[in-house]
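We number each residue from 1, following the sequence as shown.
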Amino acid sequence: MESINTLKGYGKVSDQENQIPSPLPKPSSRKTLIATISIVSFLLIVALTAGAFTRPSHNPPVSSKPLKIVCAVTRYPQTCFDALSSSLNESDPESILELSLRITSEKVSTLSMSFRSIDDMPEEPAVKDCAKLYADAASQLNETLLEIQTEKKKKKGGNWMTEKVVGDVKSWISAAMTDGETCSDGLEEMGTVVGNDIKDEMVTANQMMSVCLAIASQIKKLLLILH
């Protein structure tokens with residue numbers, strides 16, 4: 001548009017300049033210039049827009065197919081997939097096991113705090129026990145993660161998933177699951193009724209601990225399938 005305004009400025013001449021009139025561009029030339037500017041602007045916009053949509057992503061999404069295969073070996077495949085799919089960065093079975101342990105530990109820790117935050121039944125023994133039991137379960141899961149990370153550093157990218165490590169991982173997860181079952185049994189025996197929100201948290205946490213155990217138990221088979 002600056003070019004157009006400049007051209008229009010050429011049409012304003014002083015009295016002195018009347019003696020030597022400056023030739024004005026022909027109307028057809030002015031229209032041609034405007035049309036050219038419009039076409040160039042349109043093409044530039046189209047090019048920029050196309051570039052924005054076709055620019056390759058630096059972090060392409062990870063395929064969900066391996067996760068579905070891993071979750072299929074568990075008793076709760078949908079719970080497994082829903083919990084892990086949004087956080088999946090790597091699709092190998094070992095990474096999926098680590099991810100499942102980390103997310104399960106977070107859910108179990110949150111559940112423990114939920115039991116601690118119940119204000120309307122602070123003296124209920126079963127509620128206090130559940131808060132401690134799920135805190136212990138979270139600790140067991142964190143120990144599992146710590147052992148896996150330690151073994152990975154030792155092997156430096158090699159095969160760290162030995163029979164011993166798998167056995168230890170399964171033992172830690174089983175101990176965490178026992179804590180969850182003890183909580184459920186205690187609530188039932190004491191006739192303690194908790195809110196639906198906590199019930200839902202318990203179901204998810206207990207199912208995810210089962211998912212972790214199933215993945216750990218089938219890890220060798222999964223490695224053969226997915227590698």
Backbone N/O of [Y] and side chain of [X]: donor-acceptor pair under 3.5 Å:
X      : Y      : answer
Ser217 : Leu213 : yes
Ser86  : Asp82  : no
Ser114 : Ile198 : no
Ser64  : Leu67  : no

For [X] versus [Y], what's the shortest heavy-atom pair and its separation?
X      : Y      : answer
Leu84  : Ile96  : CD1-CG2, 4.1 Å
Met208 : Ser100 : CE-O, 4.4 Å
Val108 : Ala205 : CG2-CB, 4.1 Å
Leu145 : Glu98  : CD2-O, 3.6 Å
Ala138 : Ser109 : CB-OG, 3.2 Å
Gly186 : Ala126 : O-CB, 3.9 Å

Discussion item. Does Lys68 qualify as a cation-pi partner of Phe81, given the criterion of NZ or CZ under 6.0 Å from the six-membered ring centre and within 45 degrees of its axis?
Written reply: yes

Let me confirm one number: the [atom1]-[atom2] distance from [X] to [Y], rounded to the nearest 0.5 Å.
X      : Y      : atom1 : atom2 : result
Gln207 : Thr74  : CD    : OG1   : 9.0 Å
Glu143 : Asp168 : CD    : CG    : 11.0 Å
Met209 : Leu141 : CE    : CG    : 6.5 Å
Cys183 : Met202 : SG    : CE    : 4.0 Å
Gln140 : Met177 : CD    : CE    : 12.5 Å

Fill in: Tyr134: which of Asn206, Asp129, Thr110 passes side chain to side chain donor-acceptor pair (under 3.5 Å)
Asn206

With clusters defined by side-chain heavy atoms of hydrophobic residues (ILVMFWY) lying less than 4.5 Å apart, directly or transitively, does [Y] cluster with [X]?
X      : Y      : result
Ile173 : Leu146 : no
Leu88  : Leu226 : yes
Ile225 : Val70  : yes
Val166 : Leu99  : yes

Fill in: Salt bridge Lys164-Glu151, side-chain N to carboxylate O under 4.0 Å
no

Item to complete: Flag the pair Lys132 and Asp136 as a salt bridge only when some basic side-chain nitrogen lies within less than 4.0 angstrom of an acidic carboxylate oxygen.
Response: no

Item to complete: Decide side chain to side chain donor-acceptor pair (under 3.5 Å) for Ser95 and Asp92; before the verdict, give the C-alpha distance in whole Å, the side-chain angles of both, and the deciding distance to 0.1 Å.
Response: CA-CA 6 Å; Ser95 297; Asp92 59 284; 2.8 Å; yes

Worksheet item: Are side-chain heavy atoms of Ser87 and Ile103 found at a separation under 4.5 Å?
Response: yes

